[in-house]
Amino acid sequence: MLAASASATTSPELLISPTGEVTLAGRPVQLRTPPQVVGDALLLPLRETAALLGRSVQVNGSLIQAGRLVVQTSNRSMTIDGVPYAGALVVTPSGDPLVEARLLAYALDGQLVARPGGGLAVIAVPKDQAPVASPPAPARSPLSSPGPAASAPGRVMAGLPEARFATNKPVYAPGERITYTDFSFDPDGLNLARKWDGLQEAFFTPGEHRVSLTVTNSKGQASAPFTRLIKVQGAPVNTPLSYALRHTPVGSTFQDTRNPAYPALTPVTQSLPSFPLLFSDSPETPSQSGVLYQDRASGRVRVVAYHINRLPRPARLYVLARPRSDAVSVEVLRAGSAGGTRTESVLGQVSVLDFLTGSGSPRQQLSTSGVTALYTSPPLSSGQGATALMDLQIGGEADISVIMLEEGRPLTEETLRALPVLPPDAQHQRGTFPGAVRSLTVRLGASPARLTLGDSVSDTALIGVDATTGAAQRLSGNYGVQYDITVENTVPGNSTVATFVPRGGAYRGGLSVEDGQDRQIIRIPGSGVLTNGDHPMVLWKTSSRSFRLSFVPPGGSFLPVSLVFYPQPGEPGR
C-alpha cells in the first residue's frame, strides 16, 4: 500500500469500511457499482471513484482512461503508464470496470491509506503535491490475474523503441489458438523489426510458456525484451496435427513426419479418351543447332518441349508444323510456355501454371510451301532455357518438329534441310508416348492416406518410341502427363484436407482444383521451392463428397511426389 498520514493533505478522502460502506469527507455515498473484494485485493468502480475524487475519465468505445490507467473492457486488459498490468479486474455486465484500490490511487496520483478499524481511504492529492511512487505490484492469486503475466520493463532510455504485446486470454487449453496483439512503438515513429522468442500459435503441453519480443528501429536501436508467461492447462482441444489441419491456410506447410507411412491408395484408372504425347527433352542441352525431336501426328496430340541452350551464342527454341498434304489445319486448344531464364525449376513451374490457366488460338491452315511456327521462344543466351506445353487438334496429318536454331539464321527451307537430327543424351527422354492424360479415382476412408505420382513403380511410366531412331523409350516420371484425379470421400460427415509432399527433391509446380462451381489454380509452393518431405503443403480444404485435381509434372523439378489426404470430422478450417 501507499502509506501516508491523514495530516499530509487537506484533500477529502474516500473511505471504504470493512463492511463495504463508503463515505466521502464523512458523508455517506451510495455507489451504483459497489466495491468488491477479490482474494486480498479491494476493487473499486473506476469511473465513479475517479468522479468522486475530482478526476476526469475519458471513454472511447471499450477504452476507459483515468489518469495514467487505461482499461480495455473488450479483452479485459489494463495498462499503467503504457505498460501492461496483470492486476485484478472485474467488468460488470453494463461494461463498468472495477480495479484494485491501490492501482487506482496510483493512477490518479493519490494515496491509499489504512485507517483504524480496518478501513481504507483513497485520498486525492493535488497535482503539485502528487507523491512519487512506483506502480503497485499486482496480486498473484488466480482470481486477481485477468491476463498473462508480463515482464515489467526497466528504465527506458529516451529515444529507444519499446516492445509491447498482449494475448486475448489469460489461460489456454493445450492446442488452443492464441491471438497476439503487438502494439510496440518507436517514440520517433521509425519502422520496427521484430524478433520473437518462444512464439507459438498454440502450446500443446501444460504449464507456463515464456514468449518474448524485442523490437529494433531503423537506426539499429533495440528495445528491452518484453515477456509474457502463457499459462496452459486443462483438457487438450487439439493435437499438433489436428491443429495444423484446422488452421494451416491453403498454400502453407505444416509438420507431419508420419506422412510417408500412411497407407497407399489404390487408384481406379478410368477408361476415358486420351491422346499421344510428343515429348522432347533429349538432348536437354544442345550445343549446336539441330532437330531435337520430330514425328508425324494427326488428330489430338500434346507436345512438350524442354531444352537449355548450350550453344556459344544466342538461340531460339521452335515448335514447327509441316503439312503432309493439302488442306491441313491446326488448332491450339491450350498452351503454356516459359523462356529466358537459367533457373530450370522456374521454367517448369511457369509453363505448367501458364498451361493450366491458358487458352488456345483459332484454327489455322498450314502453309503447303513451308513450315508454320506454333511456338517461338525469346532469344536464349547460353545457359538459358525454354519450355512449351501445347495441346493441338490437327485436321489431317502433319510433321511436328522441335528445333534449336542459333539467332540470326533464317527459318527457311534451306536452313531446315541443313539441320541435323541431334542424337539423344543418356540422362533424358524423347519420344512419342500413348496416354497424355491419365484419369484416376481414389476413395478415402476415415484415416489419412497417400497417392504417389511419378515414381515409375506404383505409378507406371509411359512406354513409347523415339520416332527419329526407332528405339523404345520409357518416360520416367511421366513429365508432361496430365493426371485428372477424382477424390471421393466415402465417410458421411467428413471433410477432406488435401496436401502435397515432395519425395524426390526440390519441387516447383502447380495444379488445378475443381470443387463444385469453384475452380482454383494452386501454385506449389506459394513462393520458393518445396524440399522437405516432412512438411506437407495444404492444397485444398473441402466438405464436398467429391472434388477433382488436375496435375502435370513439370520439367526442372524432382519426382516422385505424394498427394496426402486427411479426412476430418465436420467442416474443414479455412
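- Taking OG1 of Thr376 as the start and CG of Leu411 as the end, the distance is 7.5 Å to the nearest 0.5 Å.
- For Phe558, the CZ atom counts as loosely surrounded, since its 6.0 Å shell holds 12 or fewer non-hydrogen atoms of other residues, nucleotides or ligands.
- Defined by atom type and a distance below 3.5 Å, a donor-acceptor pair is present between the side-chain atoms of Ser562 and Thr452.
- A donor atom on one side chain and an acceptor atom on the other are not found under 3.5 Å apart for Ser298 and Glu397.
- Looking only at side-chain heavy atoms (C-beta outward), Ile308 and Arg310 come within less than 4.5 Å of each other.
- Scanning all heavy atoms of the two residues, the minimum distance from Pro536 to Val501 falls at CB-CG2, 3.7 Å.
- Under the 3.5 Å distance criterion, with hydrogens and angles disregarded, no donor-acceptor pair is assigned to the side chains of Thr490 and Arg443.
- Taking both residues in full, the closest heavy atoms of Ala386 and Ser377 are given as CB-CB, 3.8 Å, listed atom of the first, atom of the second, then distance.
- Neither side chain, Glu488 nor Thr441, offers a donor N or O lying under 3.5 Å from an acceptor on the other.
- Side-chain contact check for Thr469 versus Arg430: some heavy-atom pair is nearer than 4.5 Å.
- Tested against Arg508, the residues Ile524, Thr343, Val350, Leu530 include a single side-chain contact (heavy atoms from CB on, under 4.5 Å) partner, Thr343.
- Residues Asn478 and Arg438 are in side-chain contact: their nearest non-hydrogen atoms beyond the backbone lie under 4.5 Å apart.
- A 4.5 Å side-chain heavy-atom check between Gln429 and Asp281 finds every atom pair outside the cut-off.
- Here Tyr479 and Tyr306 keep their ring centres 6.0 angstrom or further from each other.
- Considering only heavy atoms from C-beta on, Val215 stays 4.5 Å or farther from Phe185 through its side chain.
- In summary, the side chains of Ser62 and Gln72 do present a donor paired with an acceptor at a separation below 3.5 Å, with no hydrogens or angles considered.
- Note: Phe203 and His209 have parallel aromatic rings, judged against thresholds of 30 and 60 degrees for the angle between ring planes.
- For the atom pair OG1 of Thr214 and CG of Leu192, the computed distance is 11.5 Å after rounding to the nearest 0.5 Å.
- Of the inter-residue distances, the one linking Ser512 atom OG with Leu549 atom CG reads 7.5 Å to the nearest 0.5 angstrom.
- Annotation: side chain of Gln270 is in contact with side chain of Val268 (closest heavy-atom distance under 4.5 Å).
- Contact of the Leu444 side chain with the Leu265 side chain is registered, since non-hydrogen atoms from C-beta on lie closer than 4.5 Å.
- You'll find the ring centres of Tyr262 and Tyr566 inside the 6.0 Å limit.
- Atoms CG and CG, from Asp256 and Leu241 in turn, are 5.0 Å apart once rounded to the nearest 0.5 Å.
- More than 12 heavy atoms of other residues, nucleotides or ligands lie within 6.0 Å of CG in Asp425, so this atom counts as buried by the packing criterion.
- In summary, Arg322 and Asp399 do not engage in a salt bridge, as defined by a charged side-chain N under 4.0 Å from a carboxylate O.
- Between Asp455 and Arg503 there is no salt bridge, since no side-chain N of the basic residue sits under 4.0 Å from a carboxylate O of the acidic one.
- Considering CG of Leu380 and CZ of Arg316, their distance stands at 8.0 Å, rounded to 0.5 Å.
- Taken to the nearest 0.5 Å, the CD atom of Gln482 stands 4.5 Å off from the CZ atom of Arg302.
- Side chain to side chain, Ser543 and Ser495 fail the donor-acceptor criterion of an N or O pair below 3.5 Å.
- By the 6.0 Å contact criterion, CZ on Arg210 is open, its count of non-hydrogen atoms from other residues, nucleotides or ligands being 12 or less.
- Ring geometry, Tyr483 versus Phe551: the interplanar angle falls from 30° to 60°, so the pair is classed tilted.
- Side chains of Phe275 and Asp391 form a contact here, defined as non-hydrogen atoms less than 4.5 Å apart.
- Evaluation of the salt bridge (Lys or Arg N to Asp or Glu O under 4.0 Å) rule for Glu176 yields Lys169 as partners, not counting sequence neighbours.
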